[in-house]
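Below you'll find the structure, written out as structure tokens, and then a few comments.
Just so it is clear, the model here is predicted, and its values are computed rather than measured. Here is how names work: the chains are called A, B, and so on, in the same order as the sequence lines, proteins then strands, and each is numbered from 1.
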There are 2 protein chains.
Amino acid sequence: MRGPGQWQHRLRRQGARWTVPRRAILELLSRTSKHLSAKEVYGSLHRTNPGLGLTTVYRTLDLLVRMGLLNKLSFGSGESRYEFRSTDEETHHHHLICMQCGKIIDYTDFVDEEQELVKKIEDSLAKKHGFKINDHHIEFLGLCPECRG
Amino acid sequence: MRGPGQWQHRLRRQGARWTVPRRAILELLSRTSKHLSAKEVYGSLHRTNPGLGLTTVYRTLDLLVRMGLLNKLSFGSGESRYEFRSTDEETHHHHLICMQCGKIIDYTDFVDEEQELVKKIEDSLAKKHGFKINDHHIEFLGLCPECRG
DNA sequence: ATGATAATGAAAACCGTTATCAATAATAAT
DNA sequence: ATTATTATTGATAACGGTTTTCATTATCAT
Ligand SMILES: [Mn+2]
Ligand SMILES: [Mn+2]
Ligand SMILES: [Zn+2]
Ligand SMILES: [Zn+2]
């Protein structure tokens, strides 16, 4: 069971209602591999949902992050970006970012070796600094083929 | 040759003037290991430099980043933070961040193994996606001892 | 010292995001 | 199905960090 039915069930289980904006935003983000800002989500949905307000987009994105259905990402550009969070554990990935045009590429190279090292670092940091580590962000910054010239 | 003389030389070589605010901000950030926001820099310097304006702090931080004397960091909290960028290559580090109180810890564990893997990933990504890779950010997120309760 | 102009600071503008609040829509109870 | 309850919505205003504007000031080449 996947898609709208799954999402609806998940929201309602946590006391949230299944509404038109929530469904529209989830469908949009689940269909794209892009990392969209609130304003971009708003722009994409304005055609099919003319009444939708930007405030609702912000609130819904926030809710869906709290519900674990989306990831919220902050690259240094001012606005937050959101990506669909697959239930599949295998889709964990890191980011390759163009410093000039902002293009974002998901990559999963060397996940095995990476995960091994990440585990080691996590254990070491947890022991040395007393942290309970929950997550990590790894990103590479550079220039994409178009921006290199 | 290190410190003010070095900084002055670097700025002037790039056509910038050596001014009181620039010197004050560089001295502040070179003396702390903290990751300060513009407002925190402003607050720290207000005692010794009463005339200093927040606008100048923003402009100066931006300039010093462009000159390669500071690093600008964005954790998802709204404001940017700045750290002194040592000329020493050995000081490259990554971050351990408390998701609750925002505490930031620099760490350099496993740099050798890490650097090795980073190199491999960089080569792979450069080849596969045609990027020219310049930098990377690695951060671990969790709860510090105080915030775990 | 003098002049050219880069840098500064106060104020206003800007931009992403959040708070307010009356109207509406989703769900539960009847 | 109808009604009652209340979470959700959307317009507007407010907010916080950052940038722009512009007249004044400080740095530096001469
Ligand atoms: Mn991604
Ligand atoms: Mn640091
Ligand atoms: Zn690019
Ligand atoms: Zn903490």
Side-chain angles (χ1 to χ4, degrees), chain A residues 4-5 7-26 28 35-67 69-70 72-82 102, chain B residues 4-5 7-26 28 35-67 69-70 72-82 102:
Chain A
W7 305 331
Q8 172 173 16
H9 189 255
R10 189 131 164 201
L11 289 199
R12 304 222 34 198
R13 206 173 42 202
Q14 307 199 38
R17 294 177 179 177
W18 184 238
T19 69
V20 172
R22 288 169 188 182
R23 173 169 189 152
I25 289 174
L26 272 170
L28 172 63
H35 306 74
L36 299 177
S37 68
K39 210 159 280 183
E40 287 168 348
V41 168
Y42 176 71
S44 292
L45 293 178
H46 204 263
R47 314 171 181 189
T48 52
N49 300 60
L52 179 64
L54 181 56
T55 306
T56 298
V57 173
Y58 276 109
R59 273 190 299 233
T60 303
L61 290 170
D62 189 59
L63 174 78
L64 297 177
V65 169
R66 270 169 7 236
M67 299 263 170
L69 291 167
L70 301 181
K72 181 177 187 175
L73 308 168
S74 308
F75 311 104
S77 53
E79 0 94 309
S80 295
R81 295 190 165 274
Y82 300 82
Chain B
W7 304 331
Q8 173 173 14
H9 189 256
R10 190 134 163 200
L11 288 200
R12 305 221 34 200
R13 206 172 43 201
Q14 307 199 37
R17 294 177 178 176
W18 183 238
T19 69
V20 172
R22 287 171 189 182
R23 173 169 188 152
I25 290 174
L26 273 171
L28 171 64
H35 307 73
L36 298 177
S37 69
K39 212 160 280 184
E40 287 167 347
V41 169
Y42 176 70
S44 293
L45 293 178
H46 204 263
R47 314 171 182 188
T48 52
N49 300 60
L52 179 64
L54 181 56
T55 308
T56 298
V57 173
Y58 276 109
R59 273 190 299 231
T60 302
L61 290 170
D62 189 58
L63 175 78
L64 297 177
V65 168
R66 275 178 351 247
M67 299 263 172
L69 291 167
L70 301 180
K72 182 177 187 174
L73 308 168
S74 307
F75 312 104
S77 53
E79 0 95 306
S80 296
R81 296 190 164 273
Y82 299 83

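The two residues B:L52 and B:Y42 make their nearest non-hydrogen contact at O-CE1, 3.3 Å. What you find for A:H35 and A:E40 is that their closest heavy atoms are O-OE1, 4.0 Å. Heavy atoms only, all atoms of each residue included: B:A38 and B:V57 are closest at O-CG1, 3.6 Å. Smallest separation of non-hydrogen atoms from A:N49 and A:A24: ND2-CB, 4.0 Å.
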Atom pairs under 3.5 Å, N or O on each side, protein against nucleotides 27-30 of chain C: can you list them with distances?
unit_1	atom_1	unit_2	atom_2	d
C:dT27	OP1	A:W18	N	2.9
C:dT27	O3'	A:R12	NH2	3.1
C:dA28	OP1	A:R12	NH2	3.4

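Under the 3.5 Å distance criterion, the side-chain polar atoms of B:R10 are matched with a main-chain donor or acceptor of B:M67. A donor-acceptor pair under 3.5 Å links the side-chain atoms of A:T60 to the main chain of A:T56, judged by distance alone.
For the pair A:L54 CG and C:dC15 P, the interatomic distance rounds to 14 Å; values are reported in whole Å. Going from atom CG of B:L63 over to atom P of C:dA6 covers 13 Å, rounded to whole Å. For the pair A:R59 CZ and C:dA19 C1', the computed distance is 9 Å after rounding to whole Å. Rounded to an integer number of Å, the gap from CG of B:L52 to P of C:dT8 is 9 Å. Note: CZ (B:R22) to P (C:dA6) measures 11 Å, nearest angstrom. One atom, CD of A:E79, and another, P of C:dT18, lie 13 Å apart when rounded to the nearest Å. Between A:R23 atom CZ and C:dA26 atom C1' there is a gap of 15 Å when expressed in whole angstrom units. Atom pair B:Q14:CD and C:dA7:P shows a separation of 12 Å (rounding to whole Å applied).
Note: B:W7 and B:W18 have tilted aromatic rings, judged against thresholds of 30 and 60 degrees for the angle between ring planes.
A donor-acceptor contact under 3.5 Å links the side chain of B:T55 to the base of C:dA11.
Chain A approaches DNA chain D over the interval D:dT6 to D:dT12, counting the first and last nucleotide 5' to 3' with an atom under 4.0 Å from its heavy atoms.
Of the two residues near DNA chain D, B:G78 and B:V20, the one whose nearest nucleotide lies more 5' is B:G78. Of the two residues near DNA chain C, B:Y42 and B:G15, the one whose nearest nucleotide lies more 5' is B:G15.
If you take CG on A:L63 and CZ on A:R22, they are separated by 5.0 Å, rounding to the nearest 0.5 Å. In this structure, CG on B:L64 lies 4.5 Å from CG on B:L26, to the nearest 0.5 angstrom.
Residue A:S80 is in sugar-phosphate contact alone, with no base atom involved, counting any heavy-atom pair closer than 4.0 Å across all strands shown.
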